[in-house]
Number of protein chains: 2
Amino acid sequence: MGSKERILRLKEETRTSILDAALNIVQTEGWQALSMRKIADQIEYTAPIIYEYFPNKEGILLELTRRGYQILGKDIREARDKYESAADQMEAMWIAYWNFAFTHKEFYQLMYGVDMVCCTVKNSMTEAEQVSAMLGDVIESLFIKQPVSENDICMKYYTYWSIIHGLISINLVRPNGRTTDELNQQILKDAIKGITLSINS
Amino acid sequence: MGSKERILRLKEETRTSILDAALNIVQTEGWQALSMRKIADQIEYTAPIIYEYFPNKEGILLELTRRGYQILGKDIREARDKYESAADQMEAMWIAYWNFAFTHKEFYQLMYGVDMVCCTVKNSMTEAEQVSAMLGDVIESLFIKQPVSENDICMKYYTYWSIIHGLISINLVRPNGRTTDELNQQILKDAIKGITLSINS
DNA sequence: TAAATAATCTAGCACTGTTAAGCAAAGGTA
DNA sequence: TACCTTTGCTTAACAGTGCTAGATTATTTA
């Protein structure tokens with residue numbers, strides 16, 4: 001009776017194909033064009049069967065968010081592992097974060113609510129927490145004085161995140177602004193260095 | 001025949017009442033709840049007459065955006081005029097910007113695409129340009145070396161804006177994050193001072 | 001083969017932005 | 001006053017949205 005497993009595998013495939021279809025639509029037509037019927041069209045089913053795999057549209061978005069954090073986590077981890085010193089790691093990680101935002105624009109919009117329809121509270125998603133933890137760990141090791149208080153880490157984390165997220169979202173919302181890539185990279189690296197330096201001063 | 005003017009005034013009033021109704025709905029129920037029929041309900045008309053005053057829903061949003069920039073412009077101007085030195089002005093203006101974002105949360109979301117449905121390219125809105133110009137002028141006078149290149153101003157402008165917008169949007173999207181107001185104010189002022197100092201070093 | 005279960009679809013609800021057609025009241029003109 | 005035209009506004013509709021209940025079809029089990 002291996003058919004049980006076969007069916008389970010098929011269901012898993014359909015589930016994945018729903019997510020793939022959703023992503024495909026978003027990447028080609030944007031978030032506002034994503035609809036249940038369009039997803040159904042793409043997977044060659046009718047809309048209601050999607051509800052056999054996800055509770056509602058938000059459920060799909062949530063799963064895509066999870067996927068996004070998995071990619072981001074991988075990118076940041078790999079960037080970190082290329083360097084030894086915490087300062088270098090920090091810069092590499094934020095640049096990876098930056099690159100993720102533009103190479104996976106749609107994911108970023110979903111994950112950080114830039115120009116997005118639904119603003120669900122992403123409470124306790126382990127993938128998201130892993131990303132925070134990685135960044136937090138490196139920030140902690142940037143401090144010379146040890147131990148470092150939770151508050152200190154949190155504050156620096158926010159400082160980094162704010163400027164990077166700010167730069168990203170301005171560029172995502174206004175792709176035709178009069179800033180250039182080099183200018184952005186310059187601001188980005190300067191800002192990271194500045195914050196990093198400010199930690200032990 | 002003063003009736004012409006009376007009618008024109010009435011039309012202007014209806015137009016304003018549409019905008020007021022829209023704002024009212026957004027403030028009480030959020031952006032996702034804003035619909036043409038709801039606006040019509042509130043002004044005690046039916047939906048189609050709105051199209052006598054605005055080309056479409058986006059037209060209403062555009063007009064609200066304009067209103068938002070008018071308020072923001074006023075706030076920033078007043079903040080600036082309370083101080084003499086450029087550095088003080090700069091800090092006061094960005095704090096005014098910050099305060100605007102939270103006291104007029106809905107406006108800010110509309111103007112800067114945080115968690116918003118429609119991302120229209122706000123091309124050449126004079127009200128928005130005035131805000132940019134005011135901030136740019138103060139940034140220019142922060143420089144000791146004169147004259148200041150357009151590029152220099154633009155870069156510093158972006159640096160300021162990024163960190164402030166980043167801080168704001170993180171707080172707007174995640175109002176229940178574990179950051180406190182004091183922490184935010186601290187980061188904000190530190191960042192402003194840091195950027196201001198970096199200008200002539 | 002018959003019954004039970006699973007998979008899928010059709011039809012529909014209430015909502016969205018937007019448009020076309022029509023009605024009724026007001027204005028201007030003879 | 002009688003007619004005609006313009007204006008203000010409404011009803012009805014279209015095509016789309018997320019989502020659900022019920023019917024239908026296919027598959028598995030007995």
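Residue numbers start from 1 in every chain, and the chains themselves are labelled A, B, ... in the order their sequence lines are given, proteins ahead of strands.
- A heavy atom lying under 4.0 Å from DNA chain C marks none of the residues of residues 15-27 of chain B.
- Under the 3.5 Å distance criterion, with hydrogens and angles disregarded, a donor-acceptor pair is assigned to the side chains of Y108(B) and H165(B).
- Residues meeting the salt bridge (charged side-chain N to carboxylate O under 4.0 Å, His left out) test with K189(B), sequence neighbours left out: none.
- Over its full length, the helix from dT1(C)-dA30(D) to dA30(C)-dT1(D) turns its helical axis through 30°, comparing axes from the five pairs at each end and rounding to 10°.
- Residues forming a salt bridge (charged side-chain N to carboxylate O under 4.0 Å, His left out) with D88(A) (at least two apart in sequence, or on another chain): none.
- The closest donor-acceptor contact from the side chain of K57(A) to the backbone of M36(A) lies at 3.5 Å or more, if one exists at all.
- Between K145(B) and D152(B) there is a salt bridge, since at least one side-chain N of the basic residue sits less than 4.0 Å from a carboxylate O of the acidic one.
- In this structure, L10(B) reaches neither bases nor backbone, as no heavy-atom distance under 4.0 Å exists between it and the strands shown.
- Using a 4.0 Å cut-off between charged nitrogen and carboxylate oxygen, E78(A) and K82(A) do not count as a salt-bridge pair.
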N/O to N/O distances under 3.5 Å, protein versus nucleotides 9-11 of chain C:
residue, atom, partner, partner atom, Å
dC9(C), OP2, T46(A), N, 3.0
dC9(C), OP2, T46(A), OG1, 2.8

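- Between the NZ atom of K57(B) and the P atom of dT19(C) there is a distance of 14 Å, given to the nearest Å.
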Side-chain donor-acceptor contacts of residues 16-27 of chain B below 3.5 Å, not counting sequence neighbours, with atom names and distances?
residue, atom, partner, partner atom, Å
T16(B), OG1, E12(B), O, 2.8
S17(B), OG, T14(B), O, 2.8
D20(B), OD1, R67(B), NH1, 3.1
D20(B), OD1, R67(B), NH2, 3.1

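- Within 4.0 Å (heavy atoms only), E52(A) reaches at least one base atom of the nucleic acid.
- L34(A) comes within contact range of the sugar-phosphate backbone alone, with a heavy-atom separation under 4.0 Å but no base atom that close.
- Remark: side-chain polar atoms of W98(A) are not paired, donor with acceptor, to backbone N or O of I168(A) under 3.5 angstrom.
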